[in-house]
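Worksheet: one structure, shown below.
Computed from a predicted structure; not experimentally measured. As a basis for the values below, the full set of heavy atoms in this structure was taken, side chains included, without hydrogen atoms, waters or symmetry mates.
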Amino acid sequence: MEKPKAEGAQEVQWIERVQRGDPESFAPLVERHQRRVFSIIYHLIRRRDDVEDIAQEIFIKAFQAIRGYNFESSFGTWLSRIAVNHCYDYLRRLRSSRVRYFGDLSDDARLKLEARAEREGAESLDSEERAALRDYANRLMERAPADDRVILGLKELEDFSVDEIADILELNVSTVKVRLHRARKRMLLDVKKLRGGQ
């Protein structure tokens, strides 16, 4: 199979060396991709304290599986797939987390903050109000089912294209579109529930 040109000759060499039994060549691959892996983990898991441990587990999995990497997709996509699957498994084991701050506001204060953000936009809010809205977004993500959190995290937080998400999750594009639509719809219903609308 022809190796993608975008992969970069140096990265291809590192991968091939690791596949031939040179573990030292895995270090530059970790260096090159760790930021993206950390970002995926944080956006999907939403637990800053766990990011490094989970990243280490993901890179160990990738190292153990690299002999099976066949250059059909980019190394970054292959590694993202491992990261997403690992996070998905983690989320399935983790049932619920409590969110602070936004939940500490009174019902009246929450409604006023949401209405102001919708009316004026988040950029008009001060830093405390923006922090409260971030907590609200985190709360919605944490309440979301694992499937929704994964697909929304990849699209809305990591900014992957639908095609990239399909590749990472090993789904067809139309399935990704349907799942995104349903996840967004469920999140809107959850917003209404949090507001007391249902």
**Study point:** I165 vs L171, side chain to side chain contact (heavy atoms under 4.5 Å, CB included): CA-CA, chis, key distance, verdict
**Key:** CA-CA 8 Å; I165 295 169; L171 299 169; over 6 Å; no
Just so I know, are the side chains of [X] and [Y] near enough to count as touching, which here means a heavy-atom distance under 4.5 Å?
X: T175; Y: N172; result: yes
X: D50; Y: Y90; result: yes
X: R186; Y: H181; result: no
X: M187; Y: R182; result: no
X: F71; Y: I15; result: yes

For [X] and [Y], which heavy atoms make the closest approach, and how far apart are they?
X: A166; Y: V176; result: CA-CG2, 3.6 Å
X: R149; Y: L44; result: CD-O, 2.7 Å
X: S80; Y: I40; result: OG-CD1, 3.7 Å
X: A62; Y: W78; result: O-CH2, 3.5 Å

Exercise for review: Please name all residues satisfying side chain to side chain contact (heavy atoms under 4.5 Å, CB included) with S161, sequence neighbours left out, ordered by chain then number.
Suggested key: D163, E164
Check your understanding: Residues two or more places apart in sequence or in another chain: which of them pass ring pair (Phe, Tyr, Trp, His ring centres under 6.0 Å) with F63?
Key -> F26
Review point. T77 and S74: side-chain hydrogen bond (donor to acceptor under 3.5 Å, both in side chains), yes or no, with the steps?
Key: CA-CA 5 Å; T77 298; S74 75; 3.0 Å; yes
Review point. Is the backbone N or O of I66 less than 3.5 Å from a side-chain atom of Q19, with the two atoms forming a donor-acceptor pair by type?
Key: yes
Review point. Are any side-chain N or O atoms of Y69 and backbone N or O atoms of F75, one a donor and one an acceptor, separated by less than 3.5 Å?
Key: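 Present.
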Would you give me the side-chain donor-acceptor pairs under 3.5 Å for residues 52-60, sequence neighbours excluded?
| residue | atom | partner | partner atom | Å |
| --- | --- | --- | --- | --- |
| E57 | OE1 | H86 | NE2 | 2.6 |

Check your understanding: How long is the span from the CZ atom in R184 to the CG atom in L189, to the nearest 0.5 Å?
Key -> 14.5 Å
Practice item. Report the distance from atom CD of Q64 to atom CD1 of I82, rounding to the nearest 0.5 Å. Key: 10.0 Å
Check your understanding: E170: what forms a salt bridge (Lys or Arg N to Asp or Glu O under 4.0 Å) with it, not counting sequence neighbours?
Key ->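 Applying salt bridge (Lys or Arg N to Asp or Glu O under 4.0 Å) to E170 gives R81.
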Practice item. Could you name each residue pair satisfying salt bridge (Lys or Arg N to Asp or Glu O under 4.0 Å) that touches residues 36-45, not counting sequence neighbours? Key: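 Qualifying pairs: R36-E158.
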Practice item. State which residues pass side-chain hydrogen bond (donor to acceptor under 3.5 Å, both in side chains) with R17; sequence neighbours excluded, sorted by chain then number. Key: none
